[in-house]
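Written below as structure tokens is the structure these notes are about.
Below, chain A is the first sequence line, B the second, and so on; all start at residue 1. All values derive from a computational prediction rather than experimental measurement.
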Amino acid sequence: MTDSATTIQPASGPASLAERRHANRARRLSKSLIALALVVPAAVMYAVFVLRPLGLTIQYSFYDWNGIGASTWVGLKNYAALFDNPVLWGSLLHSFILIVFFCLIPVILGLFTANTIRGFSTSRLALVSRTVLFIPQIIPLVAAGIMWSWLLTSKGFVNQVLTAVGLGGITRAWLGDFDLALPTMGLIGAWVLFGLCMLLLLAGMSKIDPALYEAARIDGATAWKEFWSITLPSLKQEIGVCVTVTVVAALASFDIVYISTRGGPGNSTMVPGMQIYYLAFFERELGLASALAVALVIVVLAIILPVQRATKEDKD
Amino acid sequence: MLKTTTNHRRLVTLATAGIGAVLLMSACSAPGTSDTKTTDPGNSTSGATSTAASGTPSCGTEPVTLKAYIETGFPMTGLLFDEFEDQFPNVTVDVREDQFAVITQNAPRILADDPPDIMRLPQMSELASEGLLMDLDGYAADFGWDQWPASQLEQLRVAEDGTRGTGPLYGMGLNFSMTGVFYNKDHAATIGMTEAPKTLAEFDELLAKAKDAGITPIMQFNGGATGGFAFPLQNLMASYGDVGPINDWIYLKPGASINTESNLKAAEHMQGWVESGYFTEDANSLDYPMVMSRFLGGDGLFTFTGDWESGNFDTNMAGKVGFFLFPPAEAGGKYGAMSAPLTYGVSAYAENPDCAAFFFDWVATNDEARTIAVQSGGSHPMGPADAFMPEVDPGTTTGETLTAGAQIVADNGAMDFIANATGAIYAQSWTPNLQKLMAGEQTAAGLLESVQADYEQQIAG
């Protein structure tokens, strides 16, 4: 026993180094195998349910296909058709207008509300106001759309309130008015997205070092100056997230439009999402619908990527 | 730092390769070329000959399950299935329901991949041309449907080039609906209306009287994706002109145009109504349920809709709602009305087409079934002109619409709905243009030009 032990011992010196290296490699290998095994299911799902549909959409956009019969390769003809059709173009313009309502209003209002709530963040009132303002976010968009379309009818609650405060002159069927249907729908979106932005920004504010504010106050900074020089720059990333989420919501909007106006009256609230739906399921132009979808993805990326870059610069 | 960069780079390479592979995979074949169906779609000629030996097609005596895909919210179809199961105990109907919009959207996929024996059909030209619907002409011969008034089945025929009105029979109605003008009898009494208007001028006079009396002359929906002004517009078209050219346009006959002289008069007439304030100011924001609830609540003298509401009126406004067909422009002229079969069809891949066809025939010829069609559906049953009719009190709304139906048959004045010409013409063209007309942003001539342009583009595309 001891004999064998002693014989092994001296030999173990150089061998152990190689062995250890080998064992290390094996451990590293098994580690990455485990990692791979953990990633594969998600990756497969991602490939099948995200990448494949994306690939298919791109592929369909080069065909003339009604979704049933044989298809014809048409190259870039569907994309050319997008530029030719003013209704398709108009729908894209509408979604840009929606950015003002879905993004600017919620983010700006969210910033000021969050800043206000931060002022009394420990009180009960903060909890209540946080909850109340976040509620629209947890209501399904479809329910919100139905609710608002009833509130906004000619005899609905909104007009009743306006009449009660002496503004009876401006009452109208808000979602049936050619000029005001789109802004009205934008306000429904703002109402929904405001809570999300407010909560994200509030969470961001709670991470800011209070010492910064103390130092500023000692230096005699006003509340406005504090907000402008400390709060706002520290929230760069959160604002980036808010802008990204809301801009995507504006450009890819569908649910609220589908429920409240279906693009009407007279196409005045038509958005690309609605148009894709009509093209694919009513006109059965899957090629053109796919081309519009691809174009929409490109527009979204063209707007989102610079936003991402601008709000992440500092970290690198 | 370096390591993370290489890792990052490797990840990017991997991801790119992955996306590339996926794209490549999907790019293998053009869409729509891989046909998973191994069996040829059946057609009635084979179906009919196989059963011809053993008499007319039937559901047999062995247990059979009919797969049905129907529209939700219409109790009549369910009642018919129940009665059918009672009379033929070997038959079980497996029912799946969806909203009509959902059916429209999924029709091709359902017909091909999950073929129902009986299915509620949306606009059917494309479904028929793509070979997804069973040709029912063989059954029509077996059951004698070809002896019925031809106008009943005309809308269900699709020719090879996708035009409708002629060609093989690809669908069957469970009944056929009738549209016209419903009126509130209390308001009618207020303005001194004692009988249905005989001419367009008389109708206009009633509108003016109602307006003066502070009653909404026409309660009509025109919001969302459903431009309900298409109802009065088409009635006006049939008042000024013949129904023939309107049907040709709906059936996609070559060279057909909606932009005709008489239709322009009709559109201008309706624009006059808009300018006179005969519709509610908020019509562009009203959807169908909102309008029905207002009319049931007593708001509005007239509303343009169909006899599918007769039962509703008889229940919720018993004795208070009357019906008349929209009058012709000149006294003694012919009456026209939108009247369409409640269309059902059989998938080309259906497992029990014989039993489905037998069901259709039963619905049209069985006394119980015809009673259900009238009492629950409120509409006229399909079938021979001299077939059994359940007794209906002529004073009810249902009674009035059924009587009107006879007038349309006599004048051969049935039209399909202008919204049914193509799959997208309603949502994409009629609705936005009618909404613009209501808002004063479109002229009568512009409306017809614009719809005709969209029509031609949709047919070409």
Side-chain angles (χ1 to χ4, degrees), chain A residues 43 46-48 51-60 62-73 81 85 87 149-150 152-155 172-179 181 258-268 270 275 277-288 290, chain B residues 15 18-27 30-33 35 101 104-106 108-109 111-112 122-123 126-127 129-132 222-227 280-287 290 294 422-428 431-442 457-458 461:
Chain A
Y46 186 73
V48 172
L51 294 182
R52 186 168 177 275
L54 197 65
L56 284 174
T57 306
I58 296 172
Q59 188 206 354
Y60 291 170
F62 297 113
Y63 285 87
D64 180 14
W65 188 38
N66 65 6
I68 315 166
S71 53
T72 333
W73 171 268
N85 192 330
V87 177
S149 58
W150 280 96
L152 290 163
T153 57
S154 54
K155 291 169 187 164
R172 66 195 70 212
W174 295 94
L175 290 167
D177 188 290
F178 268 69
D179 300 319
Y258 182 83
I259 294 299
S260 57
T261 65
R262 303 251 173 150
N267 289 334
S268 62
M270 189 56 82
Q275 196 68 51
Y277 168 75
Y278 276 132
L279 283 173
F281 295 116
F282 286 81
E283 298 199 33
R284 304 215 180 282
E285 295 267 9
L286 262 75
L288 195 56
S290 301
Chain B
I19 294 172
V22 168
L23 289 183
L24 214 72
M25 238 165 31
S26 58
T33 45
D35 192 1
T104 304
Q105 177 176 328
N106 296 328
R109 288 263 76 88
L111 284 166
Q123 211 282 341
E126 204 157 23
L127 302 175
S129 334
E130 290 294 343
L132 294 172
N222 204 39
T226 50
T280 57
E281 235 172 78
D282 58 357
N284 272 350
S285 72
L286 294 180
D287 62 16
M290 288 181 187
R294 284 198 194 173
T422 72
I425 199 84
Y426 195 33
Q428 295 274 272
T431 298
N433 280 298
L434 287 166
Q435 288 169 340
K436 286 180 189 167
L437 188 80
M438 170 66 203
E441 303 208 352
Q442 176 66 287
Q457 185 230 321
Q458 285 176 11

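For A:W150, the part sitting under 4.5 Å from any heavy atom of chain B is the side chain, from C-beta outward, and nothing else. When heavy atoms are compared at a cutoff of 4.5 Å, B:E281 does not approach chain A at all. Proximity to chain A (any heavy atom under 4.5 Å) is restricted, for B:L132, to the side chain, taken from C-beta onward. Of the atoms belonging to A:S154, heavy atoms from both backbone and side chain fall under 4.5 Å from chain B.
The ring of A:Y277 has its center closer than 6.0 angstrom to the ring center of A:F282.
Neither side chain, A:E285 nor B:Q458, offers a donor N or O lying under 3.5 Å from an acceptor on the other.
For the options A:L175, A:T153, A:I259, A:N66, heavy-atom pairs under 4.5 Å to chain B are most numerous at A:N66. Listed options B:M290, B:M438, B:Q442 were ranked by heavy-atom pairs under 4.5 angstrom with chain A; first place goes to B:M290.
For the pair A:S149/A:T261, no side-chain contact is recorded, criterion being any heavy-atom separation below 4.5 Å from C-beta on.
A salt bridge between B:R294 and B:D282 is present, with a side-chain N of the basic residue lying under 4.0 Å from a carboxylate O of the acidic one.
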| request: Go through the steps to decide whether B:T104 and A:F281 satisfy the test side-chain contact (heavy atoms from CB on, under 4.5 Å), and finish with yes or no. | output: CA-CA 8 Å; B:T104 304; A:F281 295 116; over 6 Å; no
